[in-house]
Amino acid sequence: MRVVTQHTLGGPEVLTIVDAPGPRPLPGEVLVRVRAIGLNPLEARLRAGEFPLLGRPPFVLGWDISGVVEEAPGTWRFRPGDEVFGMPLFPRAARAYAEVVSAPALHLARKPASLSHVEASALPVVGLTAWQGLVDLGGVTAGDRVLVHGGGGGVGHVAVQIAKALGAHVIATAGGRKREFVEELGADEVIDHTVVDFTEAVRDVDVVLDTIGGDTAERSLDVLRPGGHLVTAVADEDLALAARYEAAGMRFSGIAVDPDPVALRGLVGLVEQGRLRVHVQRTFPFERVADAHRLLDGGHLQGKLVLTV
């Protein structure tokens, strides 16, 4: 099979397609013939060596997959021919930039018939991050006021839809061309952060989901109601910021996504109800992975990028 590997850290040019032996599934795992691979900003940072989650090269990036089960030894959950998707093993290496992946059956779900493999591969990382942030940590319920920072991005555009499905009043920040896109997703209010300071436009928020970073999490303290809750996907280890929130009587939670079969089935349910869709900005063939990473490096994406296999 072919895999995308790298032998050194650096820019997109370090990504190389090579032939490699196919994986052998362990008990409880299934062998998946990959049809599409979702790309995430984290993978560009790992490629460049910004932090050593996967250790030193060589390694194979990737977690988001959608494909067809080829072998399912030792598990009753799937059979050969089943179409599945998921985010296996994170934060351990799943080696998903490959034509074939071995993954724990519990880390996969049946692909909804209404989603193509391209769409399904774009959903797991961003969908699980948003679900775990809003449902598991945020405890969002009907009537809550929820602010989603970065409503047009990968996590953000899914979070807007999940919060709406939970019955929340959803406010989102989105700049420029993304504003109309986020409005179409169902946000009740959209703040163009390039022209409006969100701290002057929003008040009495129950839950803030931060997908932006920088000073966004710190400034969000000003828009929360007493006892409100910040959930951040980018400043989860900022102990000083957490202390500031706690001193002000607010809650602070950092989300580091992990495989979650219950949440994955929850996402499937929303998709099947027509309440959740994932937006793919652009697809690239497997052979053009370096080009995809160049676009990933540029940031400011609307939704997700996907490799097709």
Side-chain angles (χ1 to χ4, degrees), residues 1-67 70-71 84-108 117 120-126 128-129 154-155 233-234 236-237 255-260 283-299 301 304-309:
M1 69 168 187
R2 296 182 302 165
V3 302
V4 177
T5 189
Q6 61 182 91
H7 293 276
T8 186
L9 302 172
E13 69 280 357
V14 304
L15 298 173
T16 305
I17 297 177
V18 301
D19 290 321
R24 302 187 65 173
L26 299 171
E29 293 187 341
V30 297
L31 202 64
V32 179
R33 175 66 61 174
V34 177
R35 297 290 184 240
I37 304 159
L39 305 185
N40 297 283
L42 170 64
E43 290 144 26
R45 298 179 64 193
L46 293 173
R47 183 209 71 227
E50 293 186 22
F51 54 93
L53 181 64
L54 300 179
R56 298 291 302 175
F59 52 67
V60 176
L61 295 167
W63 286 274
D64 274 340
I65 60 168
S66 184
E70 287 198 337
E71 299 178 24
V84 296
F85 77 114
M87 180 196 74
L89 296 173
F90 189 89
R92 293 165 46 201
R95 298 174 58 87
Y97 285 17
E99 292 179 319
V100 181
V101 170
S102 185
L106 271 175
H107 295 178
L108 302 172
H117 282 295
S121 74
L123 182 57
V125 167
V126 296
L128 290 174
T129 301
V155 175
V234 287
D236 55 297
E237 296 182 353
I255 175 70
V257 67
D258 54 18
D260 184 343
T283 63
F284 291 82
F286 190 72
E287 296 77 10
R288 292 183 58 198
V289 60
D291 290 335
H293 265 246
R294 290 185 183 96
L295 188 55
L296 199 62
D297 280 348
L301 298 175
K304 293 289 294 291
L305 302 179
V306 171
L307 293 180
T308 56
V309 185

Please report the shortest heavy-atom distance between [X] and [Y], naming the atom on each side.
{"X": "Pro58", "Y": "His7", "answer": "CB-ND1, 3.7 Å"}
{"X": "Leu128", "Y": "Val257", "answer": "CB-CG2, 3.6 Å"}
{"X": "Glu43", "Y": "Gly38", "answer": "OE1-O, 4.0 Å"}
{"X": "Val32", "Y": "Leu108", "answer": "CG2-CD1, 4.0 Å"}
{"X": "Val100", "Y": "Met1", "answer": "O-SD, 3.5 Å"}
{"X": "Thr129", "Y": "Ile255", "answer": "O-CG1, 4.2 Å"}

Check your understanding: Are the side chain of Trp63 and the backbone of Arg92 linked by a donor-acceptor contact shorter than 3.5 Å?
Key -> yes
- Does Thr5 use its side chain to pair, donor to acceptor, with the backbone of Phe59 at less than 3.5 Å?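 Yes, because the side chain of Thr5 sits within donor-acceptor range (under 3.5 Å) of the backbone of Phe59.
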Heavy-atom side-chain contact between [X] and [Y] under 4.5 Å:
{"X": "Leu39", "Y": "Phe284", "value": "no"}
{"X": "Val125", "Y": "Phe90", "value": "no"}
{"X": "Arg35", "Y": "Ser121", "value": "no"}
{"X": "Val84", "Y": "Val30", "value": "no"}
{"X": "Tyr97", "Y": "Val34", "value": "no"}
{"X": "Gln6", "Y": "Leu61", "value": "yes"}

Which distance, rounded to the nearest 0.5 Å, do you find between the [atom1] of [X] and the [atom2] of [Y]?
{"X": "Phe85", "Y": "Ile65", "atom1": "CZ", "atom2": "CD1", "result": "10.5 Å"}
{"X": "Arg288", "Y": "Leu307", "atom1": "CZ", "atom2": "CG", "result": "10.5 Å"}
{"X": "Leu295", "Y": "Leu301", "atom1": "CG", "atom2": "CG", "result": "5.5 Å"}

With Ser102 as partner, the option from Glu71, Glu29, Glu70 fulfilling side-chain hydrogen bond (donor to acceptor under 3.5 Å, both in side chains) is Glu29
Contacts satisfying salt bridge (charged side-chain N to carboxylate O under 4.0 Å, His left out) that involve residues 46-61 (not counting sequence neighbours) are Arg45-Glu50, Arg47-Asp297
side-chain contact (heavy atoms from CB on, under 4.5 Å) test vs Leu296 passes for just one of Asn40, Leu305, Asp291, Val289, namely Leu305
Residues passing the salt bridge (charged side-chain N to carboxylate O under 4.0 Å, His left out) test with Arg2, sequence neighbours excluded, are Glu99, Glu287
